[in-house]
Amino acid sequence: MVRIRLRYLAPAIALLLTAIGGACSSEIAVNGSCAIDPNPELACGLASDGAFDPSLGLVGYSCTGKARPDEQATYSEGIPSGIMCADRGAVGSEGKQGYCCTTATTQCAYNPVSDCEAPTYGYQCYGANRPESVNTAIYCGQGIREENLINYCCSGTLQPDGCLQSDAVRCSPRLSGWTCSGQNRPRAEQLGANKSRADTYHLLCPVPTPAPNPVYNNYCCYPSALVPIGGSCVQHPSVPGCAPGRFGFACYGPDRPEENYLPMRCPEPGFPGRSAEGYPATLYCCDFK
Amino acid sequence: MSLRERLLRVARDFWVATFFLLFVPACGGQAIAELTYVCGTVPPSAPAPGVCGAGDPLLPPEPTLPTDVCQTLTSDKSFPDENNLDTARMQAALTGCKGRTVKLVSNGHNNAFVAGHLNVESVILWVDAGTTLYASRNAELYQKTGSCGLPGINDSGACQDFITLSGTRPGIVGDGIIDGQAGEPLVGHDYSWWQLSGALRAINGSIGNPTLINTASNTSGVLLYRITLHDSPKFHVKLTSVPPNGICERKGDGYIVWGITILTPRRNMNSQGLFMTPHFARNTDGVDPGTTDIATCGVIACNTISTGDDQIAIKGGHWVSDLIIAHNHFGTGHGMSIGSETYGKHTEGSVTHRGVEKVMVYDLTIDADSRPVGHDSSTADSNGIRVKSDPSRGGLVTDITFSDICMRDQANAILISTAYNPLFPGNMIPEFGRLTFENIRHVSCMELKQPVVTLEGFSARARAGPIKLDNVVIDNIGPGAVAAEFADIHLGPGRTNFVPGGPGVVLVNEMTGNGPPKECKFPKLPAPELPPDWLR
């Protein structure tokens, strides 16, 4: 619980420190600054016919250094408040970064300490509206609930999925086949609309099997299982010695993967190692039964 | 909860309600709109055949029971004996009687049939009055992927249906009962279908339990008439059906659901002493048109539905069009819903149809029934009218009319939401078009919380509407209980007792009338059996 609360507070603390730093020193000059920029290169607030549509509530900014227009977000009674910006890349010839931002404050806060992988960046939002609802220029991935807030990783450009659910990958009827490029791994959000209640985040996927095209890997994944409260086993995509098609796990506690994921059978005993996140754990290599 | 605790709770609720009734309207700074507690029920409405819907010019004539019985099967048991299944003889009769009718009848105390998966292809199954067809509790009889009946597996396709309708003009009729037994332990296990489903609640997972009655793709002319359904392991009825000749000459040519009763759970307590609540009966939608494939030209009329999920959910994952939902009464459930899948596309020649369109819902009561729904229920456990989708599954919903609808004690009276699940991304942005609400009333009896109205489009670029509100009166509503955004809303001509506003809302107020709100009476609905020693 303490860990969760610290995670919950982290963006607010980071924002607070940023604000304090900004107020008490001349760091702004080092970090840069932002200003409203009507530059049409930003293509901000345009309707589908290309004309400016003020009802979209968007305005362009350009920033120097590492500054962002949305850094001044705040939290009031746990509810974030700030503008939301879609990055537009470099604008002009002075190395400025462009953004397309909401004119009104939203119930989202830019999260400077998110886990999002570049080029995406994080927002922490309150309420049912996805970020795309308030800023039509932004694209965000699957939301992840964190108590009353939802964390999103977003970008001003649509990010490729990297994985495609594929019937061409031969799997047991209880597993779903996937083809992924590079190091991408299947995510439940990519199940798409064909699953009425695919409202879960986790997919349990094995060590990948190389696809005929070496750029891709194949996976046979297990739609999320119930993990009992207190279960300590998490999936580990690269347990040493775990062959392609088998499922790797790292257990932090004394429980075994079979206890957490009922269709799993782990014939070999566990051995000490580290989880994918780098923590000491007992590692297992298991099969789906 | 002990009897004493229950009595104390009733007394507490009574005094709290009395306090609000007597004092709050008088001393509050702001008047509470239209707060006139409407409790009680009128006598059971179960009309004699031929009465409900009679004279409604939009409906076809009420169906009739078949006269062409091909085989009559007589029960040889008085309880659902898992060691004496009727699957083989029933399936043989159904297969041999295509185009005609198979009738199940009782013989004195022997009034039960029990079976595993059944195909009802181009044949009518008639369950006679006093006779019950039980779905076997043996999960292996429904096995499809190997996961059927296993806990902790989010595999929605794991089991076969109990009954699959297919072919031309299949049907299930009669005054008998089909009981899914989903609250009872499975054969060889100490858990039930509902416990399997409940175990996935925390991850919003979907258990692969059998659907009680499903329809295969390319089915036409489905009929469900007067049958009573209890305790489905998952959805009760999934409808996929079109007119046999492909032409919707009159509503009902595609499918008719008329005069059926769904009551789930059937009992307040199962044979193991476990409390059965609608909340416990997870994912037990009543009637869902369009789930498996397209559904057109349908009529759902004169039915009574109390269950643990949406009483009716129109699924637009393929295409649903030309549907009348009339003269129905709902008890517990998650609402008269459209969605959340609305992304469907269906191409006929050069025309592509989409989502959900041309639906009329009228003469409906939705009564939360003051029944407890379970200790861990949420606001989703009692809803009135819902149109729901999100960008992972959104599409077109238009030309929908809700009229002459009475609701009582719902948490969400009206919910138009394009953010049903904000977690999932996607580029299938919901397109909610013409949605009309006429002569709608929500009243309060036991519920002290204000009912909520939500009218929300997706964004400034993807607005909802026009949403027309004409004589929509929600008792006990206040400004804080109305949420609206990105929507074009038209008020009038009849009075609506709230004014939606919010970001991106364009409001046209043409209210001219000040007539009375719709008068509401709620019929006494079938209720679960109480344990024998409980107070009544």
Side-chain angles (χ1 to χ4, degrees), chain A residues 45 47-48 53-58 104 106 125 127-137 139-145 150 152-154 158-159 172-176 188-203 222-229 260-263 289, chain B residues 144-147 150-158 196 199-208 283 288 291 313 315 317 340-344 389-395 417-429 454 456-463 483 485-486 503-504 506:
Chain A
S48 51
D53 182 354
S55 73
L56 295 178
L58 298 175
T106 71
C125 298
N129 280 340
R130 284 184 57 83
E132 297 94 331
S133 291
V134 290
N135 186 333
T136 55
Y139 302 91
C140 301
Q142 177 165 331
I144 302 174
R145 285 197 185 280
I150 303 177
Y152 297 94
C153 292
C154 304
L158 186 61
Q159 299 300 307
S172 145
R174 295 156 62 192
L175 301 175
S176 63
E189 67 181 75
Q190 295 158 339
L191 280 166
N194 64 331
K195 295 285 185 184
S196 168
R197 291 186 176 270
D199 300 341
T200 52
Y201 180 60
H202 298 284
L203 270 178
Y222 165 46
S224 60
L226 179 69
V227 180
I229 295 171
N260 292 189
Y261 306 92
L262 294 178
K289 295 295 183 188
Chain B
K144 196 169 165 186
T145 68
S147 299
L150 298 182
I153 297 178
N154 190 16
D155 178 2
S156 59
L196 282 177
L200 293 182
R201 190 190 295 274
I203 59 166
N204 210 4
S206 181
I207 197 71
N283 282 0
D288 286 8
T291 308
K315 299 289 190 182
S340 57
E341 302 89 336
T342 57
Y343 59 85
S389 198
D390 64 48
S392 75
R393 65 194 81 179
S417 173
T418 54
Y420 180 60
N421 184 342
L423 300 185
F424 270 63
N427 55 9
M428 290 188 280
I429 307 297
T454 304
E456 294 183 339
F458 184 75
S459 70
R461 205 187 282 273
R463 306 168 58 76
E485 62 182 5
F486 309 127
V506 174

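As the structure is a prediction and not an experimental result, all values here were calculated from the model. Values below: all heavy atoms of this structure, side chains included; hydrogens, waters and symmetry mates excluded. In the text below, chain A, chain B and the rest are named by the order of the sequence lines, each starting its count at 1.
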If one checks every heavy atom of A:Tyr139 against chain B at 4.5 Å, the contacting part turns out to be neither
For the candidates B:Pro422, B:Ala419, B:Gly504, B:Gly426, which exhibits the highest count of non-hydrogen atom pairs separated by less than 4.5 Å from chain A?
-> B:Pro422
Given that the side chain runs from C-beta out, which part of A:Ile150 has a heavy atom under 4.5 Å from chain B: side chain, backbone, both or neither?
-> side chain
How about A:Cys153 and A:Cys140: are their SG atoms under 2.5 Å apart?
-> no
Apply salt bridge (charged side-chain N to carboxylate O under 4.0 Å, His left out) to B:Asp288 and list each qualifying residue two or more places apart in sequence or on a separate chain.
-> none
Pick from A:Pro131, A:Ser133, A:Gly127 with the largest number of heavy-atom pairs that fall under 4.5 Å of chain B | A:Ser133
With B:Thr145, which residues qualify under side chain to side chain donor-acceptor pair (under 3.5 Å), at least two apart?
-> B:Asp155
Name the region of B:Pro391, side chain, backbone, both or neither, that has any atom closer than 4.5 Å to a heavy atom of chain A.
-> side chain
Does B:Arg461 reach the main-chain N or O of A:Leu56 with its side chain, forming a donor-acceptor pair under 3.5 Å?
-> no
Ignoring hydrogens and angles, tell me if any N or O in the side chain of B:Arg393 forms a donor-acceptor pair with the backbone of B:Tyr343 under 3.5 Å.
-> no
Checking B:Leu150 against chain A: side chain, backbone, both or neither under 4.5 Å from a heavy atom?
-> side chain
